[in-house]
**Q** 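What follows is a single structure, and I will ask about it in a moment.
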Amino acid sequence: MTQSIIVQVGQCGNQVGCRFWDLALREHAHINTKGVYDEALSSFFRNAVLIDMEEGVVNEILQGPLRDVFDSTQLVTDVSGSGNNWAVGHKVYGPACRDHVVEKVRRAAEHCDSLQCFFLIHSMGGGTGSGLGTHVLSLLEDEFPEVCRIVTSVYPSAEDDVITSPYNSVLAMRELTEHADCVLPVENQSLVDIINKIQQMAHSGKPSQVIRKESTLISGRGGVGGTEKPFDAMNNIIANLLLNLTSSARFEGSLNMDLNEIAMNLVPFPRLHYLVSSLTPLYTLADVNIPVRRLDQMFTDAFSKDHQLIQADPKHSLYLACALVVRGNVQVSDLRRNIERLKPSLSFVSWNQEGWKTSLCSVPPVGHSHSLLALANNTCVKPTFTELRDRFMKLYRKKAHLHHYLHVGGMEHACFSEAVTSLSSLIEEYDQLESTKSLLWSDAPRLQVAT
Amino acid sequence: MSILGQCGNQVGQELFSVLISDSLEAQRQCRGEPGRAYRDCSLERFFREHNEASYARAVLVDMEPKVITHAVATAAKSSTWKYEDGSYFCQKQGSGNNWANGFCVHGPRHEEAVSDLIRRQVERCDRLAGILTMMSVAGGTGSGMGTYITQCLRDSYPHSFILNQLTWPYVPSTEAVIVQNYNSVLTLSHLYQWSDAILVHENDTVHKICAKLMNIKHISFCDVRVPLNGQPALERMAEKTKQGFNKSLANVLILRGKDVSGADPEAFLHPGLYSSWLPAGTAFSTWRSPVPFNGYEKSATLVSNSQSLLKPLDDIVGKAWNMFASKAYVHQYTKFGISEEDFLDSFTALEQVISSYRHLAYFHQYTKFGSSEEGFLDSFTTLEQVISSHRHLPRCRKQYGSSSEQIHTVRRGRVTNLTE
């Protein structure tokens with residue numbers, strides 16, 4: 001089996017990361033009848049590095065139910081925080097704690113039999129996750145060039161309470177485009193919509209419905225943790241994304257998919273590595289006993305825009321490639337049937353009409369009989385990035401709050417203009433591909449050889 | 001036998017199982033000398049007897065351990081044969097469906113270890129008849145590393161017969177690898193340089209017996225393991241081949257079981273099945289053995305080097321070319337050492353193969369190394385002179401010296417020496 005190392009940076013990154021470890025613990029405990037915590041599990045947890053520039057969140061973790069799981073050899077902390085400033089995170093803390101971070105990551109890597117992938121979890125809108133997180137990303141590329149880097153990035157919504165989040169996000173985007181192998185963008189707004197939908201369903205449900213204790217798709221209820229915190233529900237969704245993504249590496253299945261196969265099959269062009277993710281089933285997120293819907297419905301849901309973790313509509317844009325990570329008792333014939341059924345309503349780029357990559361893991365998530373994670377490389381990310389650029393430009397034109405950044409050593413106007421140029425050219429690349437969607441394509445003329 | 005990658009290892013294990021069961025069945029059904037001789041010969045060729053156990057003459061290679069572990073365990077459970085301890089090589093991480101990773105990274109990195117294992121098996125043979133490699137073309141290890149190992153085999157055993165058994169990706173398929181067309185193109189174009197023969201199966205086809213095969217590239221194997229009821233079935237088979245109007249370069253029909261001497265493969269000699277320049281009698285042979293195969297009363301197998309592979313090959317090259325024209329996924333290969341020029345070379349090589357099969361000519365195999373049509377003509381002319389001289393022995397010494405005044409005419413088929 002191959003291993004992955006989770007690197008969680010900043011407040012959001014660490015909160016999501018903790019939800020992930022909590023759910024993973026529950027999942028393995030469910031499978032592992034010998035006990036909640038054993039040798040195999042403990043080696044699984046050694047693959048974590050927690051980084052934050054203020055102590056609040058990490059301290060909570062060390063005092064909470066997961067305190068026995070992590071130890072100080074896995075932590076990199078400081079006290080003052082980054083003040084929601086990408087420049088502080090990237091240019092100050094980055095170099096300052098670089099050696100520490102390298103040391104902790106190496107130690108975790110040494111425990112791995114065969115290290116395949118780094119998962120980085122962070123947010124884009126703040127200072128530490130965004131700035132230091134992207135610094136760590138390029139550090140991982142330098143120190144471990146052969147290991148795949150998959151980044152889960154939480155993008156700020158338009159009403160984010162951090163005013164400078166567009167600056168932080170765009171500056172971080174450039175780093176992601178250059179140094180990540182795959183990025184799974186998640187928008188807070190989408191998570192909020194999903195939670196609202198669940199609550200709607202829960203409240204409209206029948207009074208006799210029972211709350212399912214083992215379901216892992218909602219907050220700490222039934223889990224190791226105690227009271228539910230404000231972002232818990234949203235973080236749980238992201239944690240489930242990671243849980244499903246790593247399922248093939250953690251459990252057996254008839255069609256296992258290595259994580260480096262994801263990058264290989266889903267990324268046809270190096271910079272276009274932003275994958276839209278969607279999770280089903282969502283209905284059991286409500287922790288209510290609704291009769292199991294047909295398997296086929298699960299596939300249909302995965303392609304509806306209500307289930308995407310970013311505000312996007314892949315069905316009406318162009319697919320470059322698509323991966324389906326299926327868990328539970330699902331047969332290859334079910335997969336084939338559903339792909340054939342859905343194909344006509346989806347547009348795939350001309351040279352990748354059969355661009356499907358699938359994986360079957362026999363172990364379903366706790367409390368469900370099956371689940372599906374769809375990862376799409378689709379041009380529908382373009383509006384998300386365009387909006388982000390617009391928000392950035394609104395601030396940048398007025399030079400609002402720029403001085404906070406330019407004060408930091410190593411920061412200049414060029415950093416901003418280069419970052420927005422990088423984003424613009426990324427949008428342009430997606431745009432060019434999308435424009436081929438409506439064209440009548442013909443096969444490229446073949447090489448002529450003398451006969 | 002070198003068995004590579006997930007698919008190769010799965011098929012390989014099945015193959016050995018069938019070999020053993022066939023030889024045991026033969027002994028049971030054919031009492032006396034023929035059965036025993038067959039069994040001994042079959043076992044000797046593919047297994048090594050040691051301490052009353054049969055060990056497969058095989059080397060298993062994969063970049064991740066799951067499949068090999070399973071294959072070895074299954075064989076051991078069978079109690080009729082097993083894989084030798086230490087005859088397999090695996091690593092912990094796969095090739096990520098990337099041909100370049102298999103060929104440029106894993107291949108050279110593990111060359112010594114794998115070559116060692118192969119050499120040990122070769123040393124245990126009295127006389128090495130040949131090497132069979134089994135792999136798929138769609139993935140990363142079987143295709144990429146398999147191709148690299150084939151190159152090493154060709155270097156280490158230059159006079160050995162190397163047969164590559166390839167499993168062709170079945171399209172469309174949900175088990176498909178998105179970049180399988182690239183992997184297939186790279187595999188085939190490289191194997192052409194080192195392989196003596198390439199046996200192709202589509203993904204759904206089951207294991208086959210290793211039969212004596214003709215020394216020609218690109219054989220497509222139609223296994224028609226039909227219990228024959230006599231002539232009509234043979235004709236049906238020939239009809240099936242004729243219907244596609246696929247011309248063949250060569251066909252071998254292998255008949256086993258009851259009444260083989262009585263079976264008449266007349267239908268396979270139909271001239272419509274072969275190129276106009278190829279007499280059917282030369283291009284077609286029949287191998288007969290009264291020893292039945294694996295318990296079937298009668299069985300027939302057709303091995304064909306024909307145009308039937310043209311369409312699947314053309315499809316794969318076409319799809320890969322479309323992808324390449326947009327440069328999609330190319331960076332995944334260049335990062336491991338396969339450049340755009342390498343891709344172009346591979347496409348060119350396969351377009352030539354496709355063209356050759358379309359026109360069923362071999363010219364390009366020679367012209368690509370510098371021989372020209374004029375070169376061919378000169379050679380033919382010289383030989384015609386020799387033949388002519390021998391025909392008219394007393395006169396040849398006078399005429400032989402005046403070659404510069406001779407006029408050559410190329411007529412259909414033969415050069416005519418006009419001063420004769």
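Here the structure is a predicted model, which means the values were calculated and not measured. Note on naming: letters A, B, ... go to the chains in the order of the sequence lines (proteins, then strands), and numbering restarts at 1 for each one. When reading the values below, keep in mind they use all heavy atoms of this one structure, side chains included, and skip hydrogens, waters and symmetry mates.
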**Q** Let's test your reading of the structure: which of B/Leu344, B/Asn322, B/Thr348, B/Val317 forms the most heavy-atom pairs below 4.5 Å with chain A?
**A** B/Asn322
**Q** Using 30° and 60° as the class limits, which term best fits the ring planes of B/Trp99 and B/His190: parallel, tilted or perpendicular?
**A** tilted
**Q** Taking all atoms of both residues into account, what is the closest heavy-atom pair of B/Leu309 and B/Val200, and its distance?
**A** CD2-CG2, 4.0 Å
**Q** Please determine, among B/Glu351, B/Lys327, B/Arg358, B/Met323, the option with the most heavy-atom pairs under 4.5 Å with chain A.
**A** B/Glu351
**Q** Give, as side chain, backbone, both or neither, the part of A/Asp443 having an atom under 4.5 angstrom from any heavy atom of chain B.
**A** both
**Q** Which answer fits B/Phe336, side chain, backbone, both or neither, if we ask what part of it has an atom under 4.5 Å from a heavy atom of chain A?
**A** neither
**Q** Within 45° of the axis and under 6.0 Å from the centre of the six-membered ring of A/Tyr430, does NZ or CZ of A/Arg271 qualify?
**A** no
**Q** Using only heavy-atom distances, determine whether the side chains of B/Ser339 and B/Asp342 contain a donor-acceptor pair under 3.5 Å.
**A** yes
**Q** Can you say whether the rings of B/Tyr329 and A/Trp351 are parallel (under 30°), tilted (30 to 60°) or perpendicular (over 60°)?
**A** perpendicular
**Q** Over 60° means perpendicular and under 30° means parallel, so tell me whether B/Phe324 and B/Tyr182 are parallel, tilted or perpendicular.
**A** perpendicular
**Q** Side chain, backbone, both or neither: which part of A/Leu259 has an atom under 4.5 Å from a heavy atom of chain B?
**A** neither
**Q** Provide the closest heavy-atom pair for A/Ser422 versus A/Ser425 in the form atom of the first, atom of the second, distance.
**A** O-OG, 3.1 Å
**Q** With chain B as the partner chain, list the residues of residues 319-330 of chain A whose heavy atoms fall under 4.5 Å from it, by residue number, and write 'none' if nothing qualifies.
**A** A/Leu320, A/Ala321
**Q** Can you list every pair that meets salt bridge (charged side-chain N to carboxylate O under 4.0 Å, His left out) and has a residue in residues 96-112 of chain B, with sequence neighbours left out?
**A** A/Glu146-B/Arg109
